[in-house]
There are 2 protein chains.
Amino acid sequence: MSEARWDRSRCSVAGTLAIVGEKWSLLVLREAFLGVRRFADLQRTLGAPRAVLTDRLATLVDQGLLRRVPYQAEGERQRHEYRLTRKGVDLYPALVALMEWGDRYLAEDGVAPLELRHRDCGEPVHLALVCDGGHRLDGAREVRPVPHPSVRTAEA
Amino acid sequence: MSEARWDRSRCSVAGTLAIVGEKWSLLVLREAFLGVRRFADLQRTLGAPRAVLTDRLATLVDQGLLRRVPYQAEGERQRHEYRLTRKGVDLYPALVALMEWGDRYLAEDGVAPLELRHRDCGEPVHLALVCDGGHRLDGAREVRPVPHPSVRTAEA
DNA sequence: TCGAGTGAGTTCGTCAAGCGAACCCAGCGT
DNA sequence: ACGCTGGGTTCGCTTGACGAACTCACTCGA
């Protein structure tokens with residue numbers, strides 16, 4: 001259990017969840033990755049309450065995962081759309097990971113509702129754990145977590 | 001926007017979040033990956049309210065991500081500990097993804113609090129997007145999402 | 001110029017979920 | 001018999017999610 005002794009308070013998982021862990025946040029990002037950018041479209045595809053959606057968009061914007069970009073459809077007044085920033089795009093692997101798990105364990109007929117393909121070669125895409133030594137790992141068992149020295153807590 | 005037209009109701013991301021998206025669930029799993037198995041240890045390292053923790057553990061158990069295993073420390077009565085099942089272990093990439101994002105954007109001094117190393121070769125481990133053609137992708141832009149035919153919605 | 005329509009957002013009342021503290025209960029050692 | 005301890009429940013309170021109704025800014029057609 002010694003491996004468990006490190007400071008959780010600055011854990012990156014917790015930190016990330018503090019930003020995108022509220023209800024709907026990750027689903028908003030999913031839609032963003034699918035190209036949905038307008039409030040009304042988000043509201044319709046997600047079915048989230050308007051007030052919640054407003055709030056989630058606001059926090060995603062001021063956390064820098066989305067940015068509001070003005071646009072003007074013809075015959076309409078100027079509005080804003082929400083676009084992924086680099087910071088937002090970088091959450092893609094997390095969404096893919098959640099999706100792959102769902103595909104494996106939740107898909108009804110073993111058929112994934114949405115498939116990801118390499119834009120260049122058309123082959124299916126998935127996540128892999130790799131190391132700098134060039135090995136491809138098979139799962140969590142092959143990983144050893146190492147707390148950074150500066151954040152080890154004192155042993156009891 | 002055509003790419004956005006598919007049935008969200010069976011989206012794997014949403015499905016997965018329905019299981020592990022509540023507060024604390026993913027953090028419980030993080031602890032599990034670090035080897036924490038007992039209720040009291042979870043409660044202490046997480047700081048979650050007991051009632052919530054009880055509830056999260058119960059749902060994780062009956063969703064099959066954890067299993068209760070009886071154990072008996074000497075001089076104590078028999079108790080249960082919570083261990084990851086295969087289904088639970090398979091969520092590892094999702095946690096790693098969240099962690100990597102947090103390491104990149106949240107780490108104070110650019111120093112990740114916890115490092116993952118390959119147990120065999122000791123090299124740092126990370127997630128990568130790869131395709132069956134053997135290419136390593138650089139991010140979401142190189143991916144094309146393809147709704148499975150059976151779940152396309154009718155065009156409006 | 002007026003009035004209806006629409007996208008985006010706020011407000012409101014209700015209901016569910018998270019919270020800390022207190023309480024409970026089984027089985028162990030003394 | 002008693003108290004301790006790990007795991008869990010109960011309780012009141014606060015926070016958050018919810019859907020419906022309301023607002024506001026702007027465009028269009030009349």
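Just so we're clear, the structure is a prediction, and the values are computed from it rather than from any experiment. Proteins come first, then strands; the chains are lettered A, B, ... in the order of their sequence lines, and each starts at number 1.
Taking the side chain of A/Arg50 as heavy atoms from C-beta on, and the options C/dG18, C/dA8, D/dC18, the nearest nucleotide is C/dA8. Closest to the side chain of B/Pro49, from the set C/dG20, C/dA22, C/dG9, is C/dG20. When each of C/dG7, D/dG7, D/dT9 is scored by its nearest atom to the side-chain atoms of B/Thr54, the top-ranked nucleotide is D/dT9. Of the candidates C/dA8, C/dT10, D/dG8, the closest approach to any side-chain atom of B/Tyr82 belongs to D/dG8.
When the side-chain nitrogen and oxygen atoms of B/Lys23 are compared with OP1 and OP2 of D/dG16, none of them lie within a distance under 4.0 Å. The shortest distance between the side-chain N/O atoms of B/Trp24 and the OP1/OP2 oxygens of C/dC19 is below 4.0 Å. Put simply, B/Arg56 has a side-chain N or O that comes within less than 4.0 Å of OP1 or OP2 on C/dG18. Residue A/Arg68 places at least one side-chain N or O under 4.0 Å from the OP1 or OP2 atom of C/dG9. Close to C/dA8, at under 4.0 Å from its OP1 or OP2, lies a side-chain N or O of A/Tyr71.
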Item to complete: Please test B/Glu31 against A/Arg8 for salt bridge (Lys or Arg N to Asp or Glu O under 4.0 Å), starting from the C-alpha separation and ending with a verdict.
Response: CA-CA 10 Å; B/Glu31 293 304 313; A/Arg8 277 4 178 239; 2.5 Å; yes
Item to complete: Dump the intermediate steps for side-chain hydrogen bond (donor to acceptor under 3.5 Å, both in side chains) on B/Tyr82 and B/Arg38, then the final yes or no.
Response: CA-CA 6 Å; B/Tyr82 299 87; B/Arg38 320 242 250 247; over 6 Å; no
Practice prompt. Check the pair A/Arg37 / A/Asp41 against salt bridge (Lys or Arg N to Asp or Glu O under 4.0 Å), numbers first and verdict last.
Written response: CA-CA 7 Å; A/Arg37 301 202 175 117; A/Asp41 294 334; over 6 Å; no
Worksheet item: A/Asp132 and B/His118: side-chain hydrogen bond (donor to acceptor under 3.5 Å, both in side chains), yes or no, with the steps?
Response: CA-CA 9 Å; A/Asp132 288 349; B/His118 190 183; over 6 Å; no
Worksheet item: Given A/Arg10 and A/Asp7, is the salt bridge (Lys or Arg N to Asp or Glu O under 4.0 Å) satisfied, shown in steps?
Response: CA-CA 7 Å; A/Arg10 65 185 75 189; A/Asp7 179 13; 3.4 Å; yes
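Between the P atom of D/dG7 and the CG atom of B/Leu53 lies a distance of 10 Å, rounded to the nearest Å. Distance, B/Gln43 CD to C/dA22 C1': 14 Å, rounded to whole Å. Between the C1' atom of D/dG6 and the CZ atom of B/Arg37 lies a distance of 18 Å, rounded to the nearest Å. In this entry the distance linking CG of A/Leu57 with C1' of C/dA8 reads 11 Å, nearest Å. Spacing between atom CG of A/Asp55 and atom P of D/dT15 amounts to 15 Å, rounded to whole angstrom units. Rounded to an integer number of Å, the gap from A/Glu81 CD to C/dA8 P is 10 Å. In this structure, CG of A/Asp41 is placed 13 Å from P of C/dG9, rounded to the nearest angstrom. Spacing between atom CG of A/Leu46 and atom P of C/dA8 amounts to 14 Å, rounded to whole angstrom units.
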Is there any protein nitrogen or oxygen under 3.5 Å from a nitrogen or oxygen in nucleotides 25-28 of chain C, and what are the pairs?
from: C/dA26; atom 1: N3; to: B/Arg77; atom 2: NH2; distance (Å): 3.2
from: C/dC28; atom 1: O3'; to: B/Gly75; atom 2: O; distance (Å): 3.3

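A donor-acceptor contact shorter than 3.5 Å links the side chain of B/Lys87 to the backbone of B/Gln63. Side-chain atoms of A/Thr16 come within 3.5 Å of backbone N or O of B/Gly102 as a donor-acceptor pair. Side chain of B/Glu115 to main chain of A/Pro145: no donor-acceptor pair is present (N/O by atom type, distance under 3.5 Å, no hydrogens or angles).
Here A/Ala40 lies in heavy-atom contact (under 4.0 Å) with sugar-phosphate atoms only.
Not a single donor-acceptor contact under 3.5 angstrom links the side-chain atoms of A/Arg38 to the base of C/dA8.
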